[in-house]
K.L.:
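Before I ask anything, here is the structure I am working with.
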Amino acid sequence: MSHEHVSYLELLSRGAATEAYDRPVLLARASGAGPEALAELEEAKQLALRVRAELEGRRRREAELSALFATAHDLAGLRDLDAVLRAIVQRARSLLGTECAYLSLNDPAAGDTYMRVTEGSVSARFQQLRLGMGEGLGGLVAQTARPYVTDDYFDDARFQHTRTIDTAVRDEGLVAILGVPLSLGSQVIGVLFAADRRARVFEREQVALLGSFAAHAAVAIDTANLLAETRSALAELERANDIIREHSGVIERASEVHDRLSELVLHGGGVHDVADAVSEVLGGTVEFTEEGAGAARRAGGHAVREGDDWVAAVSAGGETLGALVLHGQPDLDPVDQRTLERAALVTSLLLLARRSAGEAEQRVRGELLDDLLDAPDRDRRLLRERAARLRTDSEAPHVVLAARIDRAGGAADPDAGGRESADRQRLWSAATHLAATRHGLASARDGGTVLLLPLGPGENAADLARQTARSLGGTLREPVTVGASAPVRAPLDHPDQVAVAYEEARRCLDALRLLHRSGQGAAAEDLGFLGLLLADSRDIHGFVERTVGQVVAYDRRRGTDLVRTLDAYFASGMSPARTKDDLHVHVNTVAQRLERVGRLLGPDWQSPSRALEIQLALRLHALSDAVTVTVTGK
């Protein structure tokens, strides 16, 4: 096989353009090839071009079949008619290689036709075009139910030109247009178009391809119409059935809700259980609210409509306790209105019962805590029995917390006395609720509230103080300051420690207020050396560990001298130059050690308050080491 023949095979393999096939002949002629060789090359070129045309045709047919298959797949899973029609128009434009494709549908009600989908259009006027039946190229296609093609739209007199159509076509710049009918049986329902902004000839295969796409589009429209008719018929049947079921189910619902509410009352159900039961029976959403019962209260116990909601007041003895609000059922049957009113009556009974039980339990919790604080010598077995009835875990470590509302203003306010009394009552109410939910105790004391709460897994006294301050402050929407004691192990076994812990919690509370940290919660361990003085435990080791423990541990692990460097640094008045003289090291060494200290203790370690705590911790650490050495020496 000659080199030139190989060149043609290479051109075929990489799909070269037609012009590239002239190159082997030109090269052979330039190199002085004879007539026979040139004739042979010319014959090979023609054969290669025929092969290329055949391959192009096959590729084109493969792409067309693939697009038609994808369109058929779209139809099989038809969900959105517009999406299917858009896909058909996009594929038609792509495979025919036109600059624009569009689909118009007839509107029998309006007596005209309109653009449904456009692809490649740039003119708003063209995209919104509506034209009379029988006008333009599309009118000719609809009349004859046959494809029609024009190489030059404006020079073609075989169809009816109108100013509206011509203006829109001219805005879009279209010249060559091919239109094929969308047919359902013998009826033409629209036209599918492919168009270019230059003169061109549409081949017979392209006309057939666009016709195939038009057939798919007609099937999609017919399928969508059938689905819409089916859905409409089903909806009518469902509405009829709904009316029948609604009328036959009213009495059943009334009977069911009566049985459900009776069962809830007998089994100790709550307000939200009533709301859930009525929601399920009435088919809407019922919620209990402590506000918004104004119109219902004035209605004398009857349910009233407010907007799209129904409201029934929950009241007892002239006191409005709240309201039941039904959402999602604006058209409520009269029998169902009576059901909502009956549920409001049951809710008022449950609320009164819960209030009585809650007040009794709160008194009992407060009395038990008062006994622990005031009479620690009482019989411990009786104390444990009382705690068990309140579901209090007497074996867990507990923390005593002193809480007080802190607000701006003071004795100069003439209403301060009354407000403080109301504040104490609100704080006591919120604290007793918190104690009940955490299986602890609460009591009003010393102008504030005292709580005895168990520590949860992974909690410490400081965590519990902060959580309590946030919880009470959020409930009351006022800043609540909380001081905490160190944990008391099994307080009912050591009731004498509860009063001691309460005094520590009060000192911590007073310290927070003096430090202008109102509205916060803290334990002694949060207050540095001040906490060391306030706490009854005098946990010197814990204070040293919290303050400089990381530096001590670093020295122990690495064999460094950070503790000695800190001692020298503070002794020299925090002067790196004098520190390096005392330690007999280079000043850069001192700087590197102090930088390491800053990474261990935090960037604020040299602030006045932190520096004072660190110096005290270093002294206590040195004293503890000296004591250890003395004892070991003995």
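Small disclaimer: the values here were computed from a predicted structure and weren't measured. Sequence positions, counted from 1, serve as the residue numbers for this chain. The analysis underlying the following values was restricted to heavy atoms, covering all of them including side chains, and did not include hydrogens, waters or symmetry mates.
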K.L.:
Partners of Arg158 by side-chain hydrogen bond (donor to acceptor under 3.5 Å, both in side chains), sequence neighbours excluded?
P.N.:
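Arg158 satisfies side-chain hydrogen bond (donor to acceptor under 3.5 Å, both in side chains) with Tyr148, Asp156 only.
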K.L.:
With salt bridge (Lys or Arg N to Asp or Glu O under 4.0 Å) as the rule and sequence neighbours excluded, what pairs involving residues 176-192 come up?
P.N.:
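Non-adjacent pairs meeting salt bridge (Lys or Arg N to Asp or Glu O under 4.0 Å): zero.
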K.L.:
Kindly write out the residues that satisfy salt bridge (Lys or Arg N to Asp or Glu O under 4.0 Å) with Glu99, not counting sequence neighbours, or none if the list is empty.
P.N.:
none
K.L.:
May I ask you to test the Leu182-Leu103 pair for a side-chain heavy-atom distance under 4.5 Å?
P.N.:
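Sidechains of Leu103 and Leu182: in contact.
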K.L.:
List for me each residue that meets ring-ring contact (aromatic ring centres under 6.0 Å, His included) alongside Phe193, sequence neighbours excluded, and say none if there are none.
P.N.:
Tyr102
K.L.:
Asp171: what forms a salt bridge (Lys or Arg N to Asp or Glu O under 4.0 Å) with it, not counting sequence neighbours?
P.N.:
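Checked Asp171 against salt bridge (Lys or Arg N to Asp or Glu O under 4.0 Å); matches are Arg125.
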K.L.:
Sequence neighbours excluded, which residues qualify as side-chain hydrogen bond (donor to acceptor under 3.5 Å, both in side chains) partners of Asp166?
P.N.:
Tyr153, His161
K.L.:
Sequence neighbours left out, what passes side-chain hydrogen bond (donor to acceptor under 3.5 Å, both in side chains) with Ser104? Give chain and number order.
P.N.:
none
K.L.:
Which residues pass the salt bridge (Lys or Arg N to Asp or Glu O under 4.0 Å) test with Arg163, not counting sequence neighbours?
P.N.:
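If we apply the salt bridge (Lys or Arg N to Asp or Glu O under 4.0 Å) test to Arg163, skipping adjacent residues, there are no hits.
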K.L.:
Which side-chain N or O atoms in residues 130-139 pair as donor and acceptor under 3.5 Å with protein atoms at least two apart or in another chain?
P.N.:
from	atom 1	to	atom 2	distance (Å)
Arg130	NE	Asp112	OD2	3.0
Arg130	NH2	Asp107	OD2	3.0
Arg130	NH2	Asp112	OD1	2.9
Glu135	OE1	Gly132	N	3.0

K.L.:
Tell me, please, which residues at least two apart from Gln467 pass side-chain hydrogen bond (donor to acceptor under 3.5 Å, both in side chains).
P.N.:
Arg438, Glu459
K.L.:
Could you give all pairs that pass the side-chain hydrogen bond (donor to acceptor under 3.5 Å, both in side chains) test and reach residues 190-200, with sequence neighbours left out?
P.N.:
Glu172-Arg197, Asp196-Arg200, Arg200-Gln206
K.L.:
Could you work out, with salt bridge (Lys or Arg N to Asp or Glu O under 4.0 Å) as the rule, every residue matching Arg146, not counting sequence neighbours?
P.N.:
none
